[in-house]
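Quantities reported herein were computed from a predicted structural model and do not represent experimental measurements. We use all heavy atoms of the structure for the numbers below, so side chains are in, but hydrogens, waters and symmetry mates are not.
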Amino acid sequence: MSDGHAVVVGASLAGLRGAEALRRAGFAGTLTLVGDEPHRPYDRPPLSKAALTGAVAPEATLLPNLHALEAEWRLGIAATGLDRQARRIRLADGATLPYDRLLIATGSRARSWPNPAEAGLVGIHTLRGRDDAASLRRALAAGPKRVLVIGAGFIGCEVAASCRALDLPVTLIDPGPAPLARILGQPVGEIVAALHRALGVDLRSRTKVERLEGDASGRVVRAVLGDGSSVETDLVVVALGAVRNTEWLHGSGLDAGPGGIACDEAGHVLDTEGRPDRSIAAAGDVARFPHPLYDGRPVALEHWGHAVAQGEHAGRLLAGAASGAAYAEMPAFWSSQGSITIKSVGLTQGADSMVFAQGSPKEGRFVVVYGREGRCIAAVSFDSARWLPAYAERIAARAPFPPIRGGTDEHSLAVLAPDFPEERTAP
Amino acid sequence: MKTGRLFEAVKDEANRADPYPLYARLRETPVSRQDDGTYVASTHAAIASLLHDPRISSETLPPSERPRTGNPLSDWIVNPVKNHVTNTHRPFIFRDPPDHDTLRGAVMGQFTPQRVHAMRERSHVLVSELLDKQAGATRIDLVEDLAYPLPVTVICEMLGIPREDEPQFHGWATQLASALEPDNLGNAEARAANITTFDEISTYMAGLIKEKRRHPQDDMLSGLGGKAGPGMGEYDLIATAILLLVAGHETTVNLIANSMLALVRHPDILARLACEPDLAPRLIEEMLRYDPPVHFRTRRALNAIDIAGTTIPEGADIVLLLASGNRDPAVFEDPDRFDPDRPDIRHFGFGGGLHYCAGAPLARFEAEAALVALAQRLTHPRLVDDPPPYRPGAALRGPKHLRLAIDGIAPGR
């Protein structure tokens, strides 16, 4: 079937690449892309870096079209419901859209500050979209006295580093033992901590923000911390991770919730009985799928490359052009903080051991390899990305850990414990 | 021919004009042991894997037999440059991390977008001037008239080396480039000639850097001259400068000459390039796959490596046969066809991994400027000799001369 009506809900990276893949695979029917933002698909990675320092304007991040779409765009209109029996999508403007194949790529949004009254203070920002970045950029350019970043995950760390690039005083607060420790483990988290201190970030680990206080005009003026002390601030960036956009699927009968939409190996969505709906696929942040590399453990990945690869996979699947093979793309991401580029392949989650393979923390450039039950599962580089393909190859082959001995620039292969902190609680 | 003798045949000058059938034979065994104990990786997958393997070392030069004092200052005063440089301060293509990364990082910092952009513009002017010089000719030697002088001038201007010193460093560069040929590494005579050359060019470069420190200009040597310090000693700086000069042109000469050879053999594509200059970037990527300037690089195994059903033992010399990976039918459909419309060209034309060509952007724009102008300005070019005579190198492979008969040279646009 090469015609009919395909709908892509979610007009960002995964949705765009998915739509292109549908067309490339020969789908000749009508194609509609629905996006809750008024913008054409744009690229998010610069939003926490170059767009904040002013090197790139937030609106100059439009993604290139890689294949002619001949699509109808419904932008600035969120999807609000899905009726699978009638094969219809409800839109926020009251309209309905029929589909015979549907790609769900609604992604995620920034988790907001849990206290709504405090979250409403002037000077509280989150960062997810282009408009968020533009608004945060304006606030940073106005020269705040001190920026407070709540949450030392990737976005929090990148925002803090961008503030330092602008020479703004910045405090970075996180309840964990060290920045990124939840993803990279404590030994690497300590290196990230040292990196941020060297940049001039006032880093406060193992600390929570109890409440945010405003002045009479409703503008944030300080944060009160768990130990009773406070930080005077006029600009707060809440970087507490992302929430998957699945609420609109309530009542659809699909197995969708805060953890994403459940998918089978191929990428079709599952209903609450665990049955695949072969007219619907999901891709990107919102898709939770069993990853063959990790024993079929369900994962939902918030990576740029994954949005591209899974989007394209879902597009081919819906066009009936997929090979039938399970989606098994190697997870990978990168982050730039200060002058350091961090790159990662595989998934560190569940690692029980790690080694510094090439380079050393002392030199500020190294590769860390992570193992689980004697197998290599992930590798992360700091300014040493050119070794990563070697480790990616061994992760894909489920090679024994550590996978490579006697390599160049190898100092010690002492096996360390990653020491991941407990799942962090709300700050 | 036995598999274990195939690489010997690759090095044989009799096979220089078309080594590709030998590569196809070698690919039947993705990593094959040669009779001399060398391991040759010839498939795309094996090469890609080894290029990123940390057990692969680039420190393959045999140690110098000359004594050194160990004290850089005394080496410098007593015996300018010489032994210390040849022994421990090798150019970073022959070094591993961490030293490699420090030196390469310093160099990459000098390829500023402004400098690269300005040189890109400049290369069009240089090509125009070189072709104008041939106005009225009915026969040109593409190597001598364009493929050589263009990259030499570009790298001289980038580095800040006087162009008029070219007759002096031309011989040095040719000699040093031969260090990439495996037979010269084991050959005492060739090795001695290389060391003598290195002494001479080092002394020249040391003088130039001294001059740059006194009168800094907006060029790479002035920039690097100010960078000497921890991790990059005086000798490292000299070795790096020499590397940039030599690598900056020897390879690009081949890229331009090999490209023009392929285009004259495919007149339909040459004609298309003339009226469709936007084809150039893709055409050059295909060129880097189809007939690249560097056919192989050597490495050494720091530890035993299991790959493609064989074990490369610790200490073995490894040849990464890049040009063979570029013709691997497992990756490229109809690999022996020159096709600039080929999608997704993952070639090894600039190597890969840690030592990926630092000058790739320069090579690309120089080739683009040259090929578009040649396509548009040469009237009816024909090969005088097919195949053309090749230079001796099997690793750095390219025509010694590329004589073209032409009906004229159109004026520049």
**Q.** Check ion pair B:D101-A:R386 (N to O, under 4.0 angstrom)
**A.** no
Q: Tell me, for B:S49 versus chain A, whether the close heavy atoms (under 4.5 Å) come from the side chain, the backbone, both or neither.
A: both
Q. Mind checking whether B:L302 and A:T408 have side chains closer than 4.5 Å, heavy atoms only?
A. yes
Q. Is atom NZ of A:K343 surrounded by more than 12 heavy atoms (other residues, nucleotides or ligands) closer than 6.0 Å?
A. no
Q.
A:R405 vs B:N303, test: side chain to side chain contact (heavy atoms under 4.5 Å, CB included). Steps then yes/no.
A. CA-CA 8 Å; A:R405 289 175 189 278; B:N303 202 349; 4.3 Å; yes
**Q.** Any side-chain heavy-atom pair of B:D53 and A:R394 under 4.5 Å
**A.** yes
(Q) Are more than 12 heavy atoms, taken from residues, nucleotides or ligands other than B:H117, located less than 6.0 Å from that residue's NE2 atom? (A) no
(Q) Restricting to non-hydrogen atoms, name the atom on A:Y391 and the atom on B:P54 that form the minimum distance, rounded to 0.1 Å. (A) OH-CG, 3.7 Å
**Q.** Shortest non-hydrogen contact from A:E363 toward B:P98
**A.** OE1-CB, 3.3 Å
Q.
Counting only non-hydrogen atoms closer than 4.5 Å, does A:R365 touch chain B with its backbone (N, CA, C, O), its side chain (CB onward), both, or neither?
A. side chain
